[in-house]
There are 2 protein chains.
Amino acid sequence: MADLLDRGTAQEYASWFRALADPTRVQIVEYLARRDRPLPVAEIVAAVGLAQSTVSQHLKVLTEARFVLVEPVGTARHYRINARCVACFPSAADVVMGRPAPNRSMGCS
Amino acid sequence: MADLLDRGTAQEYASWFRALADPTRVQIVEYLARRDRPLPVAEIVAAVGLAQSTVSQHLKVLTEARFVLVEPVGTARHYRINARCVACFPSAADVVMGRPAPNRSMGCS
DNA sequence: ATCGGTAATCGGCGATCGACGATGAAGGCG
DNA sequence: CGCCTTCATCGTCGATCGCCGATTACCGAT
């Protein structure tokens, strides 16, 4: 008993936290969560006030972490929050803080 | 309305997430949370299996992020989870995910 | 086929990270 | 006093990060 959290799980959790380890990405995720509808990149670029390439990089990180989903719309690409992650990411915080794991694994689709 | 989360808040949240952006630190925090009593560094070193200097660095990061508290005990230093953070860190996850901020600010002591 | 608008990718920059061994500082004990 | 024990700090290394401008790729429309 009392040994460490499984390394794989720790790595998975850490990758989630790392995706939010940048203030700009925190702003983007919170923005997408609050708007709760697919938004084109241009609008996000305007909101955060950074270069388009920079925002695109951040969106790539968030997409790979499954925080964000993307759908092509004509020539554009619309990003939106991943509703599953809204539900299961805070549970990761609980696990790390020693609370019983609330059921759902972090394997969000 | 519908503009970005305040930059200062985003930076504060990001610094919390960054502190957990490493699997070893996730393991350390979860370990301290589950044991829930002050532990000497040597025990943590034994648990994670890394060099003592490396673990000390991780503990410094976690201490500066206020996830962990330290108290000197004789020649040793005992680390323990910060109970306040156990309560208020998951709320950061909620805020980022667009949920209403559950009261307490992140300014944990 | 070419043009315009949208967004991803590339290459480079300085800064930070995570790991280590070695060294240093502080306290207890003979 | 000297000597462990315990832990923090230093210096270094390669790797990664965050940002940018420039370029490329894609698609719709002319």
Side-chain angles (χ1 to χ4, degrees), chain A residues 4-5 7-8 10-29 31-32 37-80, chain B residues 4-5 7-8 10-29 31-32 37-80:
Chain A
L4 285 184
L5 182 66
R7 184 71 183 183
Q11 214 134 26
E12 190 177 4
Y13 286 22
S15 73
W16 280 52
F17 293 131
R18 185 167 47 246
L20 294 181
D22 180 271
T24 298
R25 285 198 293 270
V26 170
Q27 288 181 306
I28 291 174
V29 168
Y31 187 69
L32 291 176
R37 65 181 184 86
L39 298 181
V41 175
E43 178 168 341
I44 305 172
V45 169
V48 306
L50 292 179
Q52 176 264 320
S53 60
T54 303
V55 172
S56 188
Q57 281 294 334
H58 283 312
L59 288 171
K60 180 179 183 180
V61 171
L62 292 174
T63 303
E64 284 171 348
R66 301 285 192 176
F67 274 118
V68 150
L69 301 176
V70 57
E71 55 182 313
V73 173
T75 171
R77 288 161 69 86
H78 287 193
Y79 285 86
R80 60 185 170 87
Chain B
L4 286 183
L5 181 67
R7 184 72 182 183
Q11 214 133 26
E12 190 177 4
Y13 286 22
S15 73
W16 280 52
F17 293 132
R18 185 168 47 246
L20 294 181
D22 181 272
T24 299
R25 285 198 294 271
V26 170
Q27 289 180 306
I28 291 174
V29 167
Y31 187 69
L32 291 177
R37 65 180 184 86
L39 298 182
V41 175
E43 179 169 342
I44 305 172
V45 169
V48 306
L50 292 179
Q52 175 264 321
S53 60
T54 303
V55 173
S56 188
Q57 281 295 333
H58 283 313
L59 288 172
K60 180 180 182 179
V61 171
L62 292 174
T63 303
E64 286 171 348
R66 303 282 191 177
F67 274 119
V68 151
L69 301 176
V70 57
E71 55 181 312
V73 174
T75 172
R77 287 161 68 85
H78 286 193
Y79 286 86
R80 61 186 169 87

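We name chains A, B, ... by the order of the sequence lines, and we start the count at 1 in each one. Here the structure is a predicted model, which is why all the values come from computation and not from measurement. Every heavy atom of this structure was used, including side-chain atoms; hydrogens, water molecules and symmetry mates were not.
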Exercise for the section: Select one nucleotide: of C:dA26, C:dA7, C:dG5, the one nearest the side-chain heavy atoms of B:Thr75. Expected result: C:dA26
Handout entry: Side chain of A:Pro40 - closest among C:dA7, D:dC7, C:dA19
Key =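 So the nucleotide nearest the side chain must be C:dA7.
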Please determine if a side-chain N or O atom of [X] lies less than 4.0 Å away from the OP1 or OP2 oxygen of [N].
{"X": "A:Arg77", "N": "C:dA8", "value": "yes"}
{"X": "A:Thr24", "N": "D:dC19", "value": "yes"}
{"X": "A:Tyr79", "N": "C:dA8", "value": "yes"}
{"X": "A:Arg25", "N": "D:dG18", "value": "yes"}

Practice task
Answer with base, sugar-phosphate or nothing: what part of the nucleic acid does B:Ala21 contact at a heavy-atom distance below 4.0 Å?
Solution key: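 Nothing: the residue B:Ala21, judged by heavy atoms under 4.0 Å, touches no strand.
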Exercise for the section: Assign B:Pro72 to base, sugar-phosphate, or nothing according to its heavy-atom contacts below 4.0 angstrom with the strands shown. Expected result: nothing
Is the backbone N or O of [Y] less than 3.5 Å from a side-chain atom of [X], with the two atoms forming a donor-acceptor pair by type?
{"X": "B:Arg80", "Y": "B:Pro38", "result": "no"}
{"X": "B:Arg25", "Y": "B:Ala19", "result": "yes"}
{"X": "B:Ser56", "Y": "B:Gln52", "result": "no"}

Rounded off to whole Å, could you give me the [atom1]-to-[atom2] distance for the [X] and [N] pair?
{"X": "A:Leu62", "N": "C:dA8", "atom1": "CG", "atom2": "C1'", "value": "15 Å"}
{"X": "B:Phe17", "N": "C:dC17", "atom1": "CZ", "atom2": "P", "value": "17 Å"}
{"X": "B:Asp22", "N": "D:dA15", "atom1": "CG", "atom2": "C1'", "value": "13 Å"}
{"X": "B:Leu20", "N": "C:dG18", "atom1": "CG", "atom2": "C1'", "value": "16 Å"}
{"X": "B:Gln11", "N": "D:dG18", "atom1": "CD", "atom2": "C1'", "value": "13 Å"}
{"X": "A:Ile44", "N": "C:dA7", "atom1": "CD1", "atom2": "P", "value": "9 Å"}
{"X": "A:Glu64", "N": "D:dG18", "atom1": "CD", "atom2": "P", "value": "13 Å"}
{"X": "B:Leu39", "N": "D:dC7", "atom1": "CG", "atom2": "P", "value": "11 Å"}

Practice task
For DNA chain D, find the residues of residues 48-60 of chain A with a heavy-atom distance under 4.0 Å and give them by number; none if there aren't any.
Solution key: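 Contacting residues: A:Leu50, A:Ala51, A:Ser53, A:Thr54, A:His58.
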Exercise for the section: Measure up the A:Trp16 and A:Phe67 rings against each other and bin them: parallel (under 30°), tilted (30 to 60°), perpendicular (over 60°). Expected result: perpendicular
Exercise for the section: Indicate yes or no: at least one non-hydrogen side-chain atom of B:Tyr79 is less than 4.5 angstrom from one of B:Leu62. Expected result: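 Answer no - side chains too far apart.
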Exercise for the section: With rounding to the nearest 0.5 Å, note down the distance linking CG in B:Leu32 to CD in B:Glu43. Expected result: 9.0 Å
Handout entry: Interatomic spacing from CG in A:Leu69 to NE2 in A:His78 - rounded to 0.5 Å
Key =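 So the gap between those two atoms works out to 14.0 Å.
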